[in-house]
Amino acid sequence: MTDHAYPWPDHMDANTRRNAALIIDLIADAADRGERCPTTQYFVRRGLSSPPVALLADIGILRTEVYGRNFRRVFICAGPHRGKSTRPAPQGEPYKVIGPERPGVGL
C-alpha cells in the first residue's frame, strides 16, 4: 500500500490517508476476486472507520454506482489499482452514481 500514489486533498491528514489507502486496497482485493464491494461494517471490523467510500468517490478516487437492494459496484479511478472494479450488479441500472462521470476517468 502506497498512500502517496493517490491524489489526496490537502485537508486530509496522514492517518485518514493511510486508512483510505487501506480501504482502497481492500476494495481492490474484492475486485480481484470478483466479489461485491465490502460493506462499511467490513471496514469497521478491521479498524478502518474513515473515510467513507462516498468521500473517496466525491474526491474522484472511486466511482460508486448504487443499485436496488443496496448493491454497490465500485470502480477505482486513481492510483495503483486504477481500472479495477468490484462485481457488476446482477441487473438494472444504477439509480445513483457518485464520483467521476465515467469509470476509469479519475484523477
Side-chain angles (χ1 to χ4, degrees):
M1 181 264 315
T2 54
D3 68 350
H4 64 277
Y6 297 98
W8 305 123
D10 292 337
H11 63 74
M12 192 179 277
D13 65 61
N15 188 51
T16 302
R17 290 176 185 198
R18 189 170 28 262
N19 283 341
L22 289 169
I23 287 171
I24 295 166
D25 286 345
L26 291 170
I27 292 170
D29 289 344
D32 290 342
R33 291 189 305 271
E35 296 176 352
R36 290 178 67 161
C37 180
T39 63
T40 300
Q41 292 80 12
Y42 179 87
F43 299 131
V44 169
R45 284 194 306 266
R46 284 151 184 78
L48 304 169
S49 59
S50 69
V53 171
L55 171 64
L56 296 173
D58 286 341
I59 61 177
I61 294 174
L62 301 178
R63 171 188 164 96
T64 302
E65 297 179 347
V66 186
Y67 296 81
R69 297 189 175 179
N70 203 28
F71 190 101
R72 295 168 191 269
R73 183 176 191 190
V74 174
F75 296 83
I76 302 173
C77 302
H81 300 295
R82 182 181 181 156
K84 293 183 180 183
S85 65
T86 57
R87 179 189 306 164
Q91 61 185 8
E93 296 295 319
Y95 66 84
K96 183 176 183 180
V97 176
I98 307 165
E101 178 89 12
R102 296 176 313 203
V105 184
L107 305 169

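Throughout, residue positions are numbered sequentially from 1 according to the sequence presented. Every heavy atom of this structure was used, including side-chain atoms; hydrogens, water molecules and symmetry mates were not.
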Centre of Y42's six-membered ring, under 6.0 Å away, within 45 degrees of the axis: is that where NZ or CZ of R46 sits? yes
Sequence-distant partners of R69, side chain to side chain contact (heavy atoms under 4.5 Å, CB included), two or more places apart: none
Could you tell me whether the side chain of W8 reaches within less than 4.5 Å of the side chain of L56, counting heavy atoms only? yes
For A30 and T86, work out which heavy atoms get closest and say how close. CB-CG2, 4.4 Å
To the nearest 0.5 Å, what is the distance between CD1 on I24 and CG on L48? 11.5 Å
Residues forming a salt bridge (Lys or Arg N to Asp or Glu O under 4.0 Å) with D32, sequence neighbours excluded: K84
Test of understanding: clusters of I, L, V, M, F, W, Y form through side-chain heavy atoms closer than 4.5 Å, transitively. Do L26 and V74 belong to the same one? yes
Between A57 and P100, which heavy-atom pair has the shortest distance, and what is it? O-CD, 4.3 Å
Can you label the angle between the F71 ring and the Y67 ring as parallel, tilted or perpendicular, going by 30° and 60°? perpendicular
Return yes if some donor-acceptor pair links the side-chain N/O of R63 with the main-chain N/O of V97 below 3.5 Å, else return no. no
Tell me the closest heavy-atom pair linking L55 and M12, and the distance in Å. CD2-CE, 4.1 Å
Once you round to the nearest 0.5 Å, how far does NE2 of H81 lie from OH of Y6? 4.5 Å
Evaluate side-chain contact (heavy atoms from CB on, under 4.5 Å) for R72 paired with V66, printing each intermediate quantity in order. CA-CA 5 Å; R72 295 168 191 269; V66 186; 3.3 Å; yes
Using 0.5 Å steps for rounding, measure from the SG atom of C77 to the CD1 atom of I61. 9.5 Å
Give every residue pair that meets the salt bridge (charged side-chain N to carboxylate O under 4.0 Å, His left out) criterion with at least one member in residues 87-98, sequence neighbours excluded. none
Examine distances only and state if a side-chain atom of R17 and a backbone atom of P9 form a donor-acceptor pair shorter than 3.5 Å. yes
Here the gap from R36 atom CZ to N70 atom CG, rounded to the nearest 0.5 Å, amounts to 7.5 Å
Would a distance-only check, ignoring hydrogens and angles, find a side-chain to backbone donor-acceptor pair under 3.5 Å from T64 to I98? no
